[in-house]
Amino acid sequence: MKKKVIPVLVAVALIIVIGGAGLLTMFLKKYSYSDGKMDLDEYFGFLEPDEAAIVLQDEQIETRAKLSGGTYYLDFISVQKLLNDRFYADTAEMLLLYTTPTEIIRTTIGTDIYRQGDNEVKEDYLLSYYEGETLYVALDFVHQFTNFSYETFTEPNRLQIYTEWGESTIAEVKKDTAIRYKGGVKSDILREVSKGEQVTILEKMENWSKVKTQDALIGYVENKLLAEEEVIARTPASHYEEPEYTSLTREEKISLGWHQVMSEAANGTLAEAVSGTKGMNVISPTWFSLIDNEGGIRSIASQNYVNQAHQMGLEVWALVDNFDQNVSSYEVLSKTSTRTRLIDNLMAEVLRYDIDGINVDFEDLSYDSGEPFIQFLRELSIRCRADGIVLSVDNYVPRESTTHYDRKEQGIVADYVIIMGYDEHWGGGGVAGSVASIGFVEDGIVQTVEEVPPHKVINALPFYTRVWKTQNGQVTSEALDMETAQNFVANNNVEVYWDQETCQNYGQIQKADTLYQVWLEDAKSIETKLTIMQKYNLGGVAAWKLGFETPDIWGVIAAYTNS
């Protein structure tokens with residue numbers, strides 16, 4: 001019997017041993033730490049020999065830097081997007097510009113020299129260069145005029161860039177371990193880390209933490225291997241003293257009236273234009289216009305007009321427009337030589353006639369004209385700031401189609417940003433409606449003060465009304481001054497009532513097959529708009545145009561400016 005039992009026991013024991021070994025193998029396979037290494041070239045996306053990956057703040061981004069002659073470069077679009085959007089590339093004249101409140105730093109693309117004021121500076125690297133159609137700019141050059149920090153690492157090439165600072169959570173590694181590609185013992189190793197090495201905690205989970213090493217590798221380490229966490233404040237880069245954009249904003253509210261002057265002879269109508277006004281302190285005659293693609297302007301400025309306005313206690317902010325359809329705003333603004341000629345021409349007229357300000361009214365700018373337009377304003381603001389000339393810029397009520405006007409930058413470089421708070425419904429729009437309903441006006445103000453300090457915002461009001469005519473499905477309109485619009489209502493026995501939605505007196509009348517509609521601008525509608533403007537503590541009011549108002553308008557405007 002014994003002889004029969006022993007083989008059975010041996011067999012059972014073998015089964016147990018083999019099974020245990022299998023279980024142990026499965027256990028080890030499941031829970032043991034993998035020693036597989038992650039290919040860092042694959043991790044960083046297989047860089048070309050002259051490329052470097054970028055970790056911006058705590059995230060690896062798709063943008064890559066170029067390494068040329070030991071110097072790191074970023075493509076120009078990324079420079080603007082990530083580091084400093086005040087750099088401007090003049091591709092027509094092969095110039096790279098950087099504009100401060102007082103001067104323009106410029107370099108010819110493809111050289112190692114730049115000019116700052118009267119000084120010429122030579123570097124030991126190319127400041128910028130083209131590769132195909134892509135412009136690259138040296139990080140070291142951008143660094144001279146921008147507060148950011150960067151470190152470089154090799155194998156593979158990568159940059160750690162900081163443009164923002166704040167608090168970070170760090171921890172020391174308790175013992176030698178590995179940073180892994182993902183959280184889990186089976187994930188590949190990015191690199192070994194030593195006891196005492198510091199890592200930045202990016203995200204903490206139940207058993208693992210997402211961390212960044214000091215050489216810009218982002219991976220995972222077990223929580224049990226991290227010492228007590230510490231919150232630290234990162235020191236901001238401050239090698240460059242950010243310039244201050246000073247402004248010539250007035251302590252009192254601005255009350256501006258645009259005076260449409262179409263000829264030199266019309267300068268004699270100043271007294272008539274301001275007759276009956278109250279509280280107005282700025283007049284803006286339409287004196288300057290672009291006339292060619294070389295920066296030339298037409299001027300009908302008048303010394304007598306300026307002298308007379310000053311005697312009346314009015315500042316003169318002469319308007320410049322781009323309304324000539326034969327002139328390309330893009331051609332004028334995109335080239336440094338023509339921008340400079342335009343600015344020289346404007347400033348010559350302003351200083352010759354002792355004009356107090358320039359009002360820029362460039363309308364219908366194409367999307368590609370947006371950046372050149374802002375560069376024009378930067379450069380013009382330098383000259384205005386130096387000579388004490390107020391710079392104001394006219395803008396549409398903000399819409400997606402006008403974001404390229406960059407109101408935020410306007411609010412920095414200009415003294416006043418003016419909202420043209422009208423033409424909600426316009427002559428060619430094909431839809432009858434208010435020229436400036438209260439919702440339209442307030443929306444324009446709200447969106448603008450999100451980007452521009454309220455004390456630099458002026459909201460412009462319409463002194464006109466449109467009478468709309470709908471006939472056989474066709475909608476047309478005629479813009480009338482306030483008195484003529486009121487006469488239309490009276491002469492046609494149009495019953496009007498206060499429309500709470502638009503905050504205007506509305507009326508309509510059917511004559512045969514024609515429907516006439518009118519949303520009146522009058523003292524009551526203007527007063528309501530001024531109340532909204534007071535709510536947002538704006539820098540003032542403007543009006544288009546002088547001569548279209550009724551006398552009672554000036555009482556409500558004066559009450560606003562004196563409040």
Side-chain angles (χ1 to χ4, degrees), residues 76 79-80 83-90 95-107 114-121 127 137 141-148 163 236-251 254 295 315 317-318 320 333-334 336-348 350-351 355-360 362 370-395 405-418 448-449 451-458 539:
F76 178 70
V79 168
Q80 289 189 312
L83 302 177
N84 191 328
D85 62 3
R86 290 204 176 108
F87 279 89
Y88 179 80
D90 180 343
L95 296 172
L96 178 65
L97 310 177
Y98 181 69
T99 310
T100 76
T102 57
E103 63 185 357
I104 304 169
I105 294 96
R106 68 181 66 203
T107 175
Y114 69 92
R115 295 194 64 84
Q116 184 169 6
D118 296 328
N119 299 321
E120 186 173 275
V121 182
L127 304 179
V137 184
F141 183 54
V142 178
H143 197 247
Q144 292 188 52
F145 309 104
T146 312
N147 280 327
F148 70 95
T163 59
S238 57
H239 57 275
Y240 176 63
E241 186 175 348
E242 295 286 350
E244 179 185 2
Y245 280 83
T246 57
S247 296
L248 295 172
T249 49
R250 306 308 194 213
E251 291 185 5
I254 297 297
E315 292 188 23
W317 296 1
V320 56
L333 298 177
S334 62
T336 300
S337 60
T338 50
R339 281 196 315 276
T340 301
R341 192 172 298 117
L342 171 58
I343 292 169
D344 286 345
N345 288 334
L346 287 171
M347 294 306 297
V350 165
L351 298 177
I355 294 169
D356 307 286
I358 297 176
N359 176 234
V360 179
F362 283 7
E371 194 175 339
F373 174 61
I374 293 300
Q375 183 62 20
F376 163 67
L377 294 180
R378 291 189 188 110
E379 294 172 3
L380 177 58
S381 79
I382 294 174
R383 301 283 295 276
C384 288
R385 198 173 288 110
D387 289 310
I389 305 301
V390 177
L391 175 60
S392 61
V393 188
D394 302 338
N395 288 270
Y405 276 77
D406 196 352
R407 293 164 186 84
K408 182 177 180 179
E409 187 72 354
Q410 286 188 36
I412 294 171
V413 303
D415 300 302
Y416 288 101
V417 174
I418 301 178
T448 302
V449 298
E451 299 183 297
V452 181
H455 73 279
K456 298 181 88 173
V457 176
I458 295 172

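Only heavy atoms go into these numbers, but all of them, side chains included; no hydrogens, no water, no symmetry mates. Computed from a prediction, not measured in an experiment: that's the story for all the values here.
Each of Leu346, Asp394, Asn395, Leu377 was evaluated against Val360; a single residue qualifies, Leu377, per the side-chain contact (heavy atoms from CB on, under 4.5 Å) test. Checking each of Asp415, Leu248, Asn359 against Ser392 for a side-chain contact (heavy atoms from CB on, under 4.5 Å) leaves exactly one that passes, namely Asn359.
Listed here is the closest heavy atom pair of Glu371 and Tyr88: OE2-CD1, 3.9 Å. The nearest pair of heavy atoms linking Tyr245 to Ile412 is CB-O, 3.5 Å. Contact record, Phe148 with Thr163: CB-CG2, 4.0 Å, taken as the closest heavy-atom pair. Shown here for Leu127 and Phe141, the closest heavy-atom pair between the two residues is CD2-CD1, 3.9 Å. Contact detail for Thr100 and Pro243: the closest heavy-atom pair is CB-CG, 4.5 Å. The two residues Ala414 and Lys456 come nearest to each other via the heavy atoms O-NZ, 2.7 Å.
When atom types are taken as modelled, the side chain of Arg341 and the backbone of Gly295 share no donor-acceptor pair closer than 3.5 angstrom. Checking side-chain atoms of Asn84 against main-chain N and O of Gln80 turns up no donor-acceptor pair under 3.5 Å.
With respect to the salt-bridge test (charged N to carboxylate O, under 4.0 angstrom), the residues Arg106 and Asp90 do not qualify.
If you take CD1 on Ile374 and CG on Asp406, they are separated by 4.5 Å, rounding to the nearest 0.5 Å. Atom CZ in Phe376 sits 13.0 Å away from atom OG1 in Thr336 (nearest 0.5 Å). Atom CG of Leu95 and atom CD1 of Ile104 lie 10.5 Å apart (nearest 0.5 Å). Note that CG of Leu380 is 9.5 Å distant from CZ of Arg385, once rounded to the nearest 0.5 Å. A distance of 5.0 Å separates CG of Asp387 from CG of Leu351, quoted to the nearest 0.5 Å. Note that CD of Glu315 and CD1 of Ile389 are 10.0 Å apart. Values are rounded to the nearest 0.5 Å.
For Glu242, the CD atom sits in a packed shell: over 12 heavy atoms of surrounding residues, nucleotides or ligands are nearer than 6.0 Å.
In this model, no donor atom of one side chain and acceptor atom of the other lie less than 3.5 Å apart for Glu379 and Thr99. Using a 3.5 Å distance cut-off with no hydrogens or angles, the side chains of Ser381 and Arg378 do not pair a donor with an acceptor.
The aromatic rings of Phe145 and Tyr114 sit perpendicular to each other, their planes meeting at more than 60°, with 30° as the lower class boundary. Ring orientation note: the planes of Tyr405 and Phe373 are nearly perpendicular, at an angle over 60° on the 30°/60° scale.
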